[in-house]
Amino acid sequence: MIHYQQFILDNGLKVYVHEDHTTPIAAVNLLYNVGSRDEEGHKTGFAHLFEHLMFGGSKHIPVYDEPLQRVGGENNAFTSPDITNYYITLPAVNLETAFWLESDRMLGLSFDPRVLEVQQKVVVEEFKQRYLNQPYGDVWLRLRPLAYKVHPYRWATIGKEISHIEEATMDDVRAFFYKFYIPNNAVLVVAGPVKPEEVKRLAEKWFGPIPAGKPYYRQLPQEPPQKEFRTGEVEASVPLDAIYKTFHVAGKPSDAYFAADLLSDLLGRGKSSRLYERLVKDQQLFNNISAYATGSIDPGLLVIQGQLNGGVTIERGEAGINAILEEIMQDGVPEPELNKVKNQAESTLVFSEVELLNRAMTLAFYANTGHPEGVNQEGEKLQAVTPDQIKATARQVLSRDNTSTLYYRATK
Amino acid sequence: MITTQIDRTQPPSFQDIRHIDLPQAQSQTLPNGIKLHWISAGEQPVIRLEFIFRAGNWYEPQKGASYFTARMLNGGTSGRSAAQINGYVDQFGSFLELNHGVERINVTLYALNKHLPALLPLMADILSDSVFPEAELENLKNITRQNIQVNLEKTAFLAQNRFRELIFGPTHPYGRNIHPDDIPGIHAGVLRPHFEQRIKGKPFDLVLSGMITDEVLRQVTAVFGGLPVTPYPEDLKETATLPDGPRQELIEKAGSLQSSIRVGKRLFTRRHPDYYKMLVLNEVLGGYFGSRLMRNIREDKGFTYGIHSSLATHQREGYLVIGTDVKREFTSQTLDEIRKEIKILQTEPVGDEELQTVQSYMIGSFAGAVTTSFALADHFKTIYFDGLGYEFYDKYIDSIRSTTARDLMALASQYLNPDSLTEVVAGGR
């Protein structure tokens, strides 16, 4: 249970306070409601590049990190297709430093051309390190455009290609900042040994004077239902063939998501899951195989991915997967097996609440969807899923026409 | 409402951390010699149980024996198949991790309190009656061989492994790596004796963290307090001699867009008198986001996504390593810059402001890293297995704060002589 209080500043900044007086450390999580789905198709990777620029000096503060380190704080950030999230942990007695730093970079950036130039290089190296210079590293660069034809989830958060990052200009940076980095497009969560009145005082002092911007109304093209079986092929210098299958499922804010999430667990979470037990242990077709749901805000994907054992053809492996999918569509699952994945989901939820920062992030995520109460409903919603719903979801989601398959072949 | 203009150029006032409240683990030796340690914190009804055996690389009769013994502990007992074990663990929403390291094998179970009584007998079963079925082992060998082949395609993996091999020697337990060629030599006849001598009926350490109630302690004691236990034999001395002198090596990887670099040397353990001061020096050099190397090679030159240095300390030996993945054509220039930054640390005192920032950051990170029972248990294990007491942490704040710029210069000269550093590049230059 994550309890919280909330208020909204006049400029539209939503503030949530989660009190926990068992720790001397506070967590400050500032979520901006912008991700790679808000980019234009010819300027991809920008939301993430922008995240790097947020550390390159703000209106009144030349360096972001150092003053925070000086008071014993740590910070980081990440960008996803849906959001850009900045977080700090620091001794609660120094909480005001976090307000000072975060409010100043919401007020304005340095817009220093040198910062842009260097961070473009850094992000290009990140692109290479994570996506190009790793075996199978480019999978999501290829899977997204196979599974999505219309929705901006069709490109990866790092960007479609390196040139998009290299071509970003300072005008792009300014436009992006004033469009998205405004108080009425953000959620602030403060967690730890803090008092709501004190958080309110600090929020009004530091964030209150920042003017609201023009509200951003997201109007993204929604992905139409997939109506054909899609395949893609890639050949690369990797040791093992691999298969990736995606299926469209509901987004996380939808109740239908939870059945899809549990379906993915039944198929491929852990060593007793159907795919692992049959295809890795019994038939020994795969070196490893797993399934999961992406949990995005707009309709997401259920993903099955596996690397084949040497000497097993991709076709043989795919037939193995398909037989398991057929079976679950035909017969559904017995109640004890469903209870198993519910128990796994329950444990994961409870364990995820151990860390204060995780609680703050999850609260920010739900608050940003407009349903903060959702943060405490995941457990019930997972428990409420019935075997019939699983069967219905399997039939709908795992159908052939909802499938995209990428064959990743090892160069012989 | 009248609002006074705030001066945003001035940081708010702040407090330095003078004291960190570090709850300590409690320990008790059961009558059979098994050592129980526990630390309770947090409001969530969760438990982590770690069964820790002196059964790592250091004690293995043959390369790979420790790894495969650990990973086969869910492979079957005389009463349960692998599928039954895994199904049972999953049924209660628990998670079982089997890890091996240079010194130890760790068997870790994560569970909700309410399921613990059902899970303890299973743990006792796998830790005293694992049978290493041949079919399970053959499958695991095949999977492991292929995983290594995938890893051998990663420049970071190649560089890191070779670096440890060079500084400790290829046969030393800290230096050796499993190679695909070692795998055919693994069979149940190798694993069973390792299991019998280092795991089954041995006086392991059991570290409990999470919500540890008296009830939990009773449950655990009831299951494990009655196991027959015989002591470990005396530790063998390692006979492999440590290589001396720096080495430089290039592992060419055609088509690689980046080079993975590792630069460093064997150093010392946490017991060394210079340990804390060296932590500060490491932090300044490459230990945090504002470090010299990060500012130079990432934030000034944009050669890399990240560069870090760290002090890795095991029970018997330690080392310092600087690691980065850089754009291939800047490999040599990065190596030059690393040496240049070390040279600066040897010849110019670190400024007051930088030193204070580093000290505050280190102390703040420490305070922020001990906020869950799991983290508290990890901190306990660190000192316990190194034969240190909680005074190691008591001294932490003072030792960090009292390190001076002069100390750092002296340490940099004493320990970071560029001619003493081993250098590995995987990729190209």
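Note that the coordinates shown come from a computational prediction; the quantities given were computed from them, not determined experimentally. Per chain, numbering begins at 1; letters A, B, ... match sequence-line order.
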Contact part of [X] toward chain A, heavy-atom cut-off under 4.5 Å: side chain, backbone, both or neither?
X	result
A111(B)	backbone
D16(B)	side chain
E354(B)	neither
I47(B)	backbone
T155(B)	side chain
I363(B)	neither
K253(B)	neither
N151(B)	neither
V326(B)	backbone
F92(B)	backbone
T371(B)	side chain
F157(B)	neither

For chain B, find which of [options] contributes the most heavy-atom pairs closer than 4.5 angstrom.
options	result
W206(A), F55(A), F99(A), F127(A)	W206(A)
L356(A), T89(A), V63(A), V350(A)	V350(A)
R114(A), R130(A), E337(A), H60(A)	H60(A)
Q307(A), K342(A), H52(A)	H52(A)
K271(A), E96(A), Q129(A)	Q129(A)
E346(A), Q134(A), E277(A)	E346(A)

Rounded distance [0.5 Å steps], [atom1] in [X] versus [atom2] in [Y]:
X	Y	atom1	atom2	answer
N309(A)	N142(B)	CG	CG	5.0 Å
W100(A)	I6(B)	CH2	CD1	11.5 Å
I25(A)	I20(B)	CD1	CD1	8.0 Å

Nearest heavy-atom neighbours spanning [X] and [Y]:
X	Y	answer
Q44(B)	V354(A)	OE1-CA, 3.7 Å
V118(A)	R298(B)	CG1-O, 3.4 Å
G290(B)	Q69(A)	N-NE2, 3.9 Å
E153(B)	S237(A)	OE1-O, 3.8 Å
L257(B)	L132(A)	CD1-CB, 3.5 Å
A135(B)	Q284(A)	O-NE2, 4.4 Å

Leading residue by heavy atom contact count with chain A [cutoff under 4.5 Å; candidates [options]]:
options	answer
V46(B), I143(B), D90(B)	D90(B)
E43(B), Q10(B), E353(B)	Q10(B)
D300(B), I85(B), V89(B), I17(B)	D300(B)
Q359(B), K114(B), M362(B), H115(B)	K114(B)
S365(B), G42(B), G306(B)	S365(B)

Donor-acceptor under 3.5 Å ([X] side chain, [Y] main chain):
X	Y	result
S347(A)	G93(B)	yes
Q146(B)	G310(A)	yes
N94(A)	Q15(B)	yes

Strictly below 4.0 Å, N to O, side chains only: are [X] and [Y] in salt-bridge contact?
X	Y	answer
D65(A)	R295(B)	no
E136(B)	K281(A)	yes
E299(B)	K121(A)	no

Distance-only donor-acceptor check, side chains [X] and [Y], under 3.5 Å:
X	Y	value
T357(B)	R70(A)	no
N343(A)	Q91(B)	no
Q258(B)	E125(A)	yes
E126(A)	Y305(B)	yes
E74(A)	Y288(B)	no

Would you say [X] and [Y] make side-chain contact, with heavy atoms under 4.5 Å?
X	Y	value
V150(B)	L240(A)	yes
N147(B)	N287(A)	yes
T348(A)	F95(B)	yes
T372(B)	E355(A)	yes
Q84(B)	S272(A)	no
T97(A)	P11(B)	no

Under 4.5 Å from any heavy atom of chain B - which part of [X]:
X	answer
P91(A)	side chain
T23(A)	side chain
Q120(A)	neither
Y136(A)	side chain
V280(A)	both
K59(A)	neither

key: Residues in residues 102-109 of chain A near chain B [non-hydrogen atoms, under 4.5 Å]   =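 Within residues 102-109 of chain A, the residues under 4.5 Å from chain B are S103(A), D104(A), L107(A).
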
ask   = Between N133(A) and S256(B), is a side chain to side chain contact (heavy atoms under 4.5 Å, CB included) present by the stated rule, with each step listed?
value = CA-CA 6 Å; N133(A) 209 39; S256(B) 177; 3.3 Å; yes

query = Parallel under 30°, tilted from 30 to 60°, perpendicular over 60°: which one fits the rings of F351(A) and F374(B)?
reply =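 Ring orientation of F351(A) relative to F374(B): parallel.
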
ask   = In terms of heavy-atom contacts, does CG of D352(B) have more than 12 from other residues, nucleotides or ligands at under 6.0 Å?
value =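 Counting neighbours around CG of D352(B), 12 or fewer heavy atoms of other residues, nucleotides or ligands fall under 6.0 Å, so no.
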
